[in-house]
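Below is one structure, written out as structure tokens; the observations come after it.
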Number of protein chains: 2
Amino acid sequence: MAGQKGVSLKEVADKAGVSTATVSRVINSKTVVKGETELRVQKVIKQLGYRPNRVAQRLRTTRGASKLIGLLIPDIQNPFYVDIIRGIEQYAYAKNFAIVIGNFSQNEERQKFYIEILKSESVDAFIVAPFPGMNEYVKELVEEGYAVVCIDRGLANMDLDVVKVDNYQGAFDAVEHLINVGHTRIAHISGNTLIPTTIERISGYEAALNKYGIAIDRDIIVGRNSDHKSGVELSAQLLDMSNPPTAIFTSNNLLTLGALETIHSRGLKIPEQVAIVGFDDMYWAMSLNPPLTAVRQSGFEIGRITIELLHQRIADPTRPFVSIVLKTELIVRNSCGFKLKGM
Amino acid sequence: MAGQKGVSLKEVADKAGVSTATVSRVINSKTVVKGETELRVQKVIKQLGYRPNRVAQRLRTTRGASKLIGLLIPDIQNPFYVDIIRGIEQYAYAKNFAIVIGNFSQNEERQKFYIEILKSESVDAFIVAPFPGMNEYVKELVEEGYAVVCIDRGLANMDLDVVKVDNYQGAFDAVEHLINVGHTRIAHISGNTLIPTTIERISGYEAALNKYGIAIDRDIIVGRNSDHKSGVELSAQLLDMSNPPTAIFTSNNLLTLGALETIHSRGLKIPEQVAIVGFDDMYWAMSLNPPLTAVRQSGFEIGRITIELLHQRIADPTRPFVSIVLKTELIVRNSCGFKLKGM
DNA sequence: TGTAAAAATGTAAACGTTTACATAAATAAC
DNA sequence: GTTATTTATGTAAACGTTTACATTTTTACA
């Protein structure tokens with residue numbers, strides 16, 4: 001049986017002896033209604049347990065007030081994105097926005113598919129961590145008048161609101177730490193090099209080596225995708241070298257976990273035989289053995305700021321674009337070893 | 001500027017020289033339209049890039065065809081639920097359902113809040129892993145005619161479609177493994193005891209001890225919430241005992257990670273000084289040191305079956321309720337030690 | 001008290017679909 | 001070649017809101 005529908009605005013209006021327009025005004029409180037009337041309507045609303053039908057609201061309302069946001073996430077298995085989701089969610093619901101999440105699993109086709117779905121759901125806005133091949137699509141969204149904020153990475157050759165972290169500096173700090181602790185042969189397992197984030201991290205890595213006069217060896221900069229499997233395989237490749245690195249800097253958490261798997265399966269001691277520092281901290285990084293040294297970026301904070309920006313843009317679509325770059329923090333634990341004073 | 005709206009059904013109808021009803025029929029293909037007409041309309045649809053507005057569809061359509069599902073997740077930080085989400089998503093989108101996720105962070109108030117939001121979004125159906133205090137609410141949903149499927153746990157005293165795993169057997173297997181490997185003093189860190197899942201796992205734990213004639217010591221069965229912090233603190237409490245356990249069975253992945261943090265911070269060797277086996281496998285459990293022995297339950301599979309069930313119920317709301325119980329699998333790695341043959 | 005201005009409320013169209021019902025066109029039966 | 005059926009299409013109402021505009025009520029001021 002189809003369930004009974006909820007109470008409608010009309011029913012409230014009838015019971016309160018006013019027109020639907022008045023009830024609507026009470027709810028949205030944009031126009032003033034007389035105190036007495038308002039009270040009466042409010043009472044009926046309570047009494048009947050009326051809740052506006054968001055679907056009808058969205059249908060009627062012009063874009064910018066539909067209270068629905070589309071969120072395109074590259075990989076929900078990655079705890080970093082989960083943090084972002086949490087941050088977005090926390091503040092979005094507080095502002096009465098609902099969120100539709102599309103997790104496209106790093107798949108270009110699915111990403112496009114979701115955009116279409118979300119459009120036809122009449123979202124006001126898109127939050128997207130764009131994947132290679134998305135430039136045109138995202139551009140289209142902006143042109144069509146959607147509010148769009150990019151997270152985690154910007155888009156080459158496109159002006160947009162972006163919230164991300166200082167990948168260059170984060171990578172730099174990590175590698176500098178390895179150097180300070182005595183390493184000179186430091187490998188880098190990077191991600192998909194079509195993603196700006198990846199490129200920035202490579203730059204940071206190279207800059208740190210340069211600063212300390214360590215030659216860059218392209219043989220120990222390896223990269224493919226930003227997933228667990230790549231981490232497993234690329235670390236194996238590095239450790240198989242005749243002249244293997246003594247330390248590895250991994251470009252994200254999934255790569256780190258993959259590398260750890262390989263290192264442990266070979267019975268290598270961390271940090272004695274191989275040190276590791278990864279981009280992305282995880283709330284259980286301390287539960288690893290040894291506790292992982294990592295570059296922390298706050299997904300939660302990224303989420304929070306994103307919603308803020310979105311809010312602003314919906315209110316004023318002509319506001320100039322901004323790019324917010326958050327600082328990262330190096331969390332030193334025990335996976336890199338340490339240098340004794342004076343050594 | 002508000003962006004241009006999409007192409008409407010009416011525009012298609014005009015261009016094709018037919019009525020909106022006909023176009024609607026072509027799209028939904030419930031009634032037959034003449035081949036010739038259909039072709040013409042299809043052509044215009046392609047040409048104009050028409051996509052139905054799901055909001056309008058949902059407003060007009062009676063429940064059961066709104067193509068929107070509400071998903072209430074207790075804790076998106078828990079990788080197990082992420083797997084469930086992935087499973088649900090994969091099959092849902094294939095059937096043209098969109099998903100709205102509400103992550104209520106184990107908070108009763110927020111759970112209720114989300115239910116209200118989702119109702120006013122006119123979802124067809126709810127998928128919910130109910131939290132204590134939800135019985136009445138979920139019951140209400142069913143009575144109101146929503147299709148509802150519970151995941152991960154059922155609801156006391158309520159007939160419903162449920163998809164879960166055999167928690168009793170999973171726990172039993174884990175503890176039996178510890179016993180087989182030589183442990184007799186086995187502690188259990190359990191979760192929120194208001195949740196059926198937790199209770200079932202405790203039963204399994206006790207049954208295994210009973211089978212081998214090991215006395216149950218209530219002092220080493222501890223439980224509070226199903227989160228990381230509880231894992232950290234409760235394991236500390238256990239290890240502080242004058243007569244600490246030699247093995248710990250943890251009731252879920254967050255508790256496991258918390259316990260690992262404590263164990264490592266005290267420099268205890270696993271499994272020599274303390275063994276651990278946890279409910280919930282994680283794709284990076286192998287990256288832990290030592291690789292974790294764990295009870296695997298397939299969230300992905302749970303998600304898949306859930307959608308299947310939901311689909312069935314929407315199609316036939318009178319179908320009798322079913323309870324699907326999936327098997328778990330003990331993944332033996334290195335966190336429990338092993339017994340030599342003949343010992 | 002009467003009139004003008006301001007404030008409060010009502011009326012009805014619109015958003016983009018689906019669908020019951022009515023009508024028109026095609027086919028079948030005679 | 002009518003008439004009865006069947007098949008294809010059109011018409012218009014409905015879903016639950018918001019909002020421009022019209023109307024009514026109240027207040028202000030003389």
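Being a predicted model, the structure only gives us computed values, none of them experimental. Within every chain, numbering begins at 1; the chains are lettered A, B, ... in the order of the sequence lines, protein sequences first and strands thereafter.
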note: A:Leu9, atom CG; D:dG16, atom C1'; distance rounded to Å ~ 7 Å

Taken to the nearest whole Å, CD/A:Glu11 to P/D:dC15 is 10 Å

Separation of D:dT17 atom P from A:Leu68 atom CG, nearest Å, is 17 Å

The residue, B:Pro52 or A:Ser19, whose nearest nucleotide of DNA chain C is more 5′ is A:Ser19

Salt-bridge contact A:Arg110-B:Glu89 (side-chain N to carboxylate O under 4.0 Å): yes

For B:Glu301, the side-chain contact (heavy atoms from CB on, under 4.5 Å) test, sequence neighbours excluded, returns B:Ser298, B:Arg304, B:Ile305, B:Leu326

B:Asp14 CG to C:dT17 P, in whole Å, measures 12 Å

Between CD of A:Glu121 and P of C:dG16 the distance, given in whole Å, is 15 Å

Between A:Gly303 and A:Ile88 the two heavy atoms that sit nearest each other are CA-CG1, 3.5 Å

B:Glu38 CD to D:dT7 C1', in whole Å, measures 15 Å

Axis-to-axis angle across the helix from C:dT1-D:dA30 to C:dC30-D:dG1, five pairs each end, nearest 10 degrees, ~ 40°

Contacts of B:Tyr81 meeting ring pair (Phe, Tyr, Trp, His ring centres under 6.0 Å) (sequence neighbours excluded), chain-then-number -> none

Worksheet item: With sugar-phosphate meaning primed atoms plus P, OP1 and OP2, does A:Val55 contact a base, only sugar-phosphate, or nothing at under 4.0 Å between heavy atoms?
Response: nothing

Among the nucleotides C:dT17, D:dT9, C:dG10, whichever has the atom closest to the side chain of B:Ser8 is C:dT17

Check your understanding: Think A:Gln57 has a side-chain N or O under 4.0 angstrom from the OP1 or OP2 of D:dT18?
Key -> yes

Taken to the nearest whole Å, CG/B:Leu59 to P/C:dA14 is 17 Å

note: A:Arg51, atom CZ; D:dT17, atom P; distance rounded to Å ~ 12 Å

Sorted by chain and residue number, the side-chain contact (heavy atoms from CB on, under 4.5 Å) partners of B:Asp159 (sequence neighbours excluded) come out as B:Phe321

Check: A:Tyr114 ring centre within less than 6.0 Å of A:Phe104 ring centre | no

Residues passing the side-chain hydrogen bond (donor to acceptor under 3.5 Å, both in side chains) test with A:Asn28, sequence neighbours excluded, are A:Ser24

### Query
Taking 4.0 angstrom as the limit, do B:Arg58 and B:Glu121 come out as a salt bridge?
no

Pairs: protein N or O with nucleotides 19-27 of chain C N or O, under 3.5 Å:
residue, atom, partner, partner atom, Å
C:dT19, O4', B:Arg60, NH2, 3.2

Notebook entry, point to check: If you measure only the distance, is there a donor-acceptor pair under 3.5 Å linking the side chains of A:Asp316 and A:Thr318?
Noted result: yes

